There are 2 protein chains.
Amino acid sequence: MSEKNGIVNLYEQNDRFYVAVDCIIFGFHQGTLKLLLIKRKFDPCKGEWSLMGGFLNKDESIDAAAERVLQDLTGLENVYMEQIGIFGELDRDPGERVLSAAYYALINIDDYDKELAASHNAVWVPITEIPDLIFDHNKMVRIAQKQLKRKAAVEPIGFNLLPELFTLPQLQSLYEAIFGDTLDKRNFRKKLLAMDVFEKTEEKDKSNSKRGAYYYRFDYDKYTELVQSGLRFAL
Amino acid sequence: MSEKNGIVNLYEQNDRFYVAVDCIIFGFHQGTLKLLLIKRKFDPCKGEWSLMGGFLNKDESIDAAAERVLQDLTGLENVYMEQIGIFGELDRDPGERVLSAAYYALINIDDYDKELAASHNAVWVPITEIPDLIFDHNKMVRIAQKQLKRKAAVEPIGFNLLPELFTLPQLQSLYEAIFGDTLDKRNFRKKLLAMDVFEKTEEKDKSNSKRGAYYYRFDYDKYTELVQSGLRFAL
DNA sequence: GCAAAAGTGTTCTAGTTACACCCATGC
DNA sequence: GCATGGGTGTAACTAGAACACTTTTGC
């Protein structure tokens with residue numbers, strides 16, 4: 001046992017562990033929720049599907065490691081991320097004892113470094129068609145999806161999956177994908193617009209219809225007002 | 001770099017970490033929600049208040065470590081526990097870099113090993129009067145309380161804080177303590193009894209009134225039926 | 001007989017659900 | 001002029017909130 005500042009170091013008698021982070025990266029495109037998965041080009045489990053992951057370094061917090069791993073794959077910073085927990089079964093990684101902290105991230109699928117992602121063999125896969133993943137990654141995905149579902153219903157996090165400007169039909173189809181359920185168009189619009197957290201623009205998206213749908217923007221200031229007035233975002 | 005089964009071990013180039021678990025132990029007594037805290041008899045931070053914690057060992061899963069730590073303090077097994085996440089800021093433990101997985105536990109405050117707890121300097125403290133705790137333990141408590149609040153509203157976990165037999169006034173005061181709000185007696189009873197997950201006994205608790213209140217028991221079989229019928233526990 | 005907690009229904013309100021037609025535009 | 005998706009209001013229903021008196025019994 002060593003000493004530090006003259007005090008016997010009680011830590012050293014304990015075991016130390018490898019710690020990884022794994023990212024469940026959500027994107028949304030054409031009505032479907034997708035995950036950015038990688039087809040591993042390295043061992044262990046070369047050739048199999050997995051989440052993007054990486055090891056925790058001495059000099060970084062776990063949150064920072066998750067951000068780094070996400071950035072290594074997508075080039076993105078300042079992304080909405082949420083820890084879902086740490087996974088620590090003895091044999092979860094057959095190679096060695098490794099603990100893994102799982103995070104989910106919500107990104108705008110049109111805006112990331114596609115060459116970088118391609119260099120890691122990353123592919124967008126619809127959430128309904130997730131293949132068998134290595135280790136306990138399927139479990140992580142299940143939990144992340146559940147948590148997203150729960151949280152998206154009470155906090156305005158869905159917007160992270162859309163471009164800054166989005167239409168209401170787009171937004172509705174996003175929430176339908178997240179909840180795995182259809183929503184009534186009129187009730188959906190009524191409820192959302194009643195919260196008054198959107199700014200309507202004059203621009204229209206004509207890519208889906210001849211008439212075109214107005215672009216809206218989520219207004220964080222209005223949202224702050226809503227919360228301060230004692231109300232909540234709710235769907 | 002060493003080899004294992006003839007494959008270069010890629011793990012060894014990574015850092016390894018001490019990993020602890022900390023337990024937020026909830027109990028309920030006389031209308032107040034309480035936490036079992038310990039006044040540390042050892043360094044670091046001797047004499048200060050903290051959660052019960054312990055280090056993860058090589059041969060156990062993180063969940064198992066949390067159960068062990070809880071048992072070391074209370075003697076209890078098979079307790080309702082829930083992970084709230086891992087905390088990994090660089091300087092959260094000033095002595096060394098230690099990651100900590102926090103779990104909350106719900107126990108029946110009348111049923112644990114009191115001598116064992118006393119030997120660890122453990123004390124029940126009302127949730128409204130939590131002192132400054134070491135490290136990031138106050139943050140863990142805040143998150144645990146929030147999570148309990150959320151989860152108790154949609155799953156029948158509150159019963160873990162009560163004896164097998166409990167009265168409806170007791171149950172109501174428990175939920176009032178968890179939610180930090182008062183509830184209407186008639187609406188509360190109506191809603192709970194409508195779910196039909198209780199078994200009413202013939203016994204009465206006369207400790208709080210001359211008339212006495214009937215003892216009820218939570219019926220897991222009835223609850224399973226409720227869930228299978230597509231309904232949910234909800235408060 | 002009275003104090004103190006247990007037990008019990010009904011009305012009102014607000015929020016959620018269900019539902020169908022007109023509008024704007026490109027072709 | 002017609003096909004396509006965008007946009008709008010109202011009525012019925014259901015769940016939640018508000019509310020006051022009677023019952024039991026130990027002292």
Side-chain angles (χ1 to χ4, degrees), chain A residues 29-32 152-154 162-163 165-177 179-217 226 229-235, chain B residues 29-32 149-150 152-154 162-163 165-177 179-217 226 229-235:
Chain A
H29 188 58
Q30 293 187 322
T32 41
V154 296
L162 296 175
L165 294 176
F166 52 85
T167 67
L168 293 184
Q170 233 184 321
L171 187 62
Q172 179 175 348
S173 98
L174 168 65
Y175 278 106
E176 288 178 334
F179 299 142
D181 204 358
T182 59
L183 300 170
D184 180 271
K185 183 168 49 157
R186 281 178 284 194
N187 294 337
F188 178 81
R189 300 170 82 102
K190 202 191 318 170
K191 201 160 183 177
L192 277 176
L193 294 175
M195 289 190 276
D196 189 31
V197 292
F198 297 105
E199 189 192 330
K200 185 178 182 177
T201 71
E202 294 306 309
E203 318 298 317
K204 284 187 165 187
D205 167 24
K206 297 214 169 189
S207 62
N208 290 305
S209 71
K210 291 151 187 168
R211 179 177 179 178
Y214 283 106
Y215 277 122
Y216 287 76
R217 191 195 317 268
L226 179 81
S229 79
L231 297 174
R232 295 186 309 203
F233 180 92
L235 224 133
Chain B
H29 189 57
Q30 291 187 324
T32 41
K149 211 163 166 173
R150 193 181 54 69
V154 296
L162 297 175
L165 294 177
F166 52 85
T167 68
L168 294 183
Q170 235 184 319
L171 188 62
Q172 179 175 347
S173 99
L174 168 65
Y175 277 106
E176 288 178 334
F179 298 143
D181 205 357
T182 59
L183 300 170
D184 180 89
K185 183 167 49 156
R186 281 177 284 194
N187 293 337
F188 178 80
R189 298 170 83 102
K190 203 191 317 170
K191 200 162 183 177
L192 277 176
L193 294 175
M195 288 190 276
D196 190 30
V197 291
F198 298 105
E199 187 192 331
K200 185 179 183 176
T201 71
E202 294 306 309
E203 318 298 318
K204 283 187 166 188
D205 167 25
K206 297 215 169 190
S207 62
N208 290 306
S209 71
K210 291 151 187 170
R211 180 177 179 177
Y214 282 106
Y215 278 122
Y216 287 76
R217 191 197 315 270
L226 179 82
S229 79
L231 298 174
R232 293 185 310 203
F233 181 91
L235 222 131

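A, B, ... follow the sequence lines: proteins, then strands. Residue 1 opens every chain. Excluded from the calculations below are hydrogen atoms, water molecules and symmetry mates; all remaining heavy atoms, backbone and side chain alike, are included. Treat the numbers as computed from the prediction; the structure is a model and nothing was measured.
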Discussion item. Determine whether a donor-acceptor pair (N or O, by modelled atom type, separation under 3.5 Å) exists between the side chain of B:Glu199 and the backbone of B:Arg217.
Written reply: no
Response to the item:
Result for 5'-nearest mapping on DNA chain C, choosing between B:Ser209 and A:Asp184, is B:Ser209
Fill in: Integer-rounded Å distance: D:dG6 C1' and A:Phe188 CZ
14 Å
Item to complete: Could you say whether A:Asn187 or B:Leu168 is positioned toward the 5' end of DNA chain C, judged by the nucleotide with the nearest heavy atom to each?
Response: B:Leu168
Worksheet item: Going by modelled atom types, is there a donor-acceptor pair between the base of C:dA6 and the side chain of B:Arg186 at under 3.5 Å?
Response: no
Worksheet item: Can you tell which of D:dC19, C:dA6, C:dC23 lies closest to the side chain of A:Arg211?
Response: C:dC23
Worksheet item: Once you round it to whole Å, what is the distance between P of D:dG7 and OH of A:Tyr215?
Response: 12 Å
Discussion item. Quick check for you: among C:dA3, C:dC23, C:dG26, whose closest atom lies nearest to any side-chain atom of B:Lys210?
Written reply: C:dA3
Practice prompt. Find the distance A:Leu171:CG to D:dG7:C1' and express it as a whole number of Å.
Written response: 15 Å
Worksheet item: For A:Asn208, which contact category applies under a 4.0 Å heavy-atom criterion: base, sugar-phosphate, or nothing?
Response: sugar-phosphate
Worksheet item: Stepwise, does the side-chain contact (heavy atoms from CB on, under 4.5 Å) test hold for B:Asp205 with B:Phe166?
Response: CA-CA 8 Å; B:Asp205 167 25; B:Phe166 52 85; over 6 Å; no
Worksheet, complete the sentence: Looking only at heavy atoms, the pair that brings B:Leu226 and B:Phe233 closest together is CD2-N, 3.8 Å
Item to complete: Starting from P on C:dG7, measure out to CZ on B:Phe198 and report it in whole angstrom.
Response: 13 Å
Worksheet entry | Shortest non-hydrogen contact from B:Arg211 toward B:Lys204 | O-NZ, 3.5 Å
Worksheet entry | Trace of the side-chain contact (heavy atoms from CB on, under 4.5 Å) decision for B:Leu193 with B:Tyr216 | CA-CA 11 Å; B:Leu193 294 175; B:Tyr216 287 76; 4.0 Å; yes
Practice prompt. Nearest whole angstrom, please: distance from the C1' of C:dA6 to the CD of B:Gln172.
Written response: 11 Å
Worksheet entry | Spacing between A:Lys191 atom NZ and C:dA14 atom P, to the nearest angstrom | 17 Å
Worksheet item: Using the C1' atoms of five pairs at each end, what's the angle between the two axes of the helix from C:dT13-D:dA15 to C:dC27-D:dG1, to 10 degrees?
Response: 10°
Item to complete: Please determine, for the side chain of B:Lys206, which listed nucleotide (C:dA6, D:dG26, C:dC19) has the closest atom?
Response: D:dG26
Worksheet item: Could you state the interatomic distance from CG (B:Asp184) to NZ (B:Lys190), rounded to the nearest 0.5 Å?
Response: 7.5 Å
Item to complete: Tell me, please, which residues at least two apart from A:Tyr175 pass ring-ring contact (aromatic ring centres under 6.0 Å, His included).
Response: A:Phe179
Item to complete: Consider the side chain of B:Pro169, meaning its heavy atoms from C-beta on, and name the nucleotide among C:dA6, D:dG7, C:dC19 that approaches it most closely.
Response: C:dA6
Worksheet entry | Residue pair A:Leu171 / A:Phe198, side-chain heavy-atom distance below 4.5 Å | yes
Practice prompt. May I ask you to evaluate whether A:Lys185 reaches the phosphate of D:dT8, defined as a side-chain N or O under 4.0 Å from OP1 or OP2?
Written response: no
Worksheet item: Any side-chain N or O of B:Lys190 less than 4.0 Å from the OP1 or OP2 oxygen of C:dG9?
Response: no
Worksheet item: CG of A:Leu193 versus P of D:dG6: gap in Å, rounded?
Response: 15 Å
Worksheet item: Separation of A:Arg189 atom CZ from D:dT10 atom P, in whole Å?
Response: 17 Å
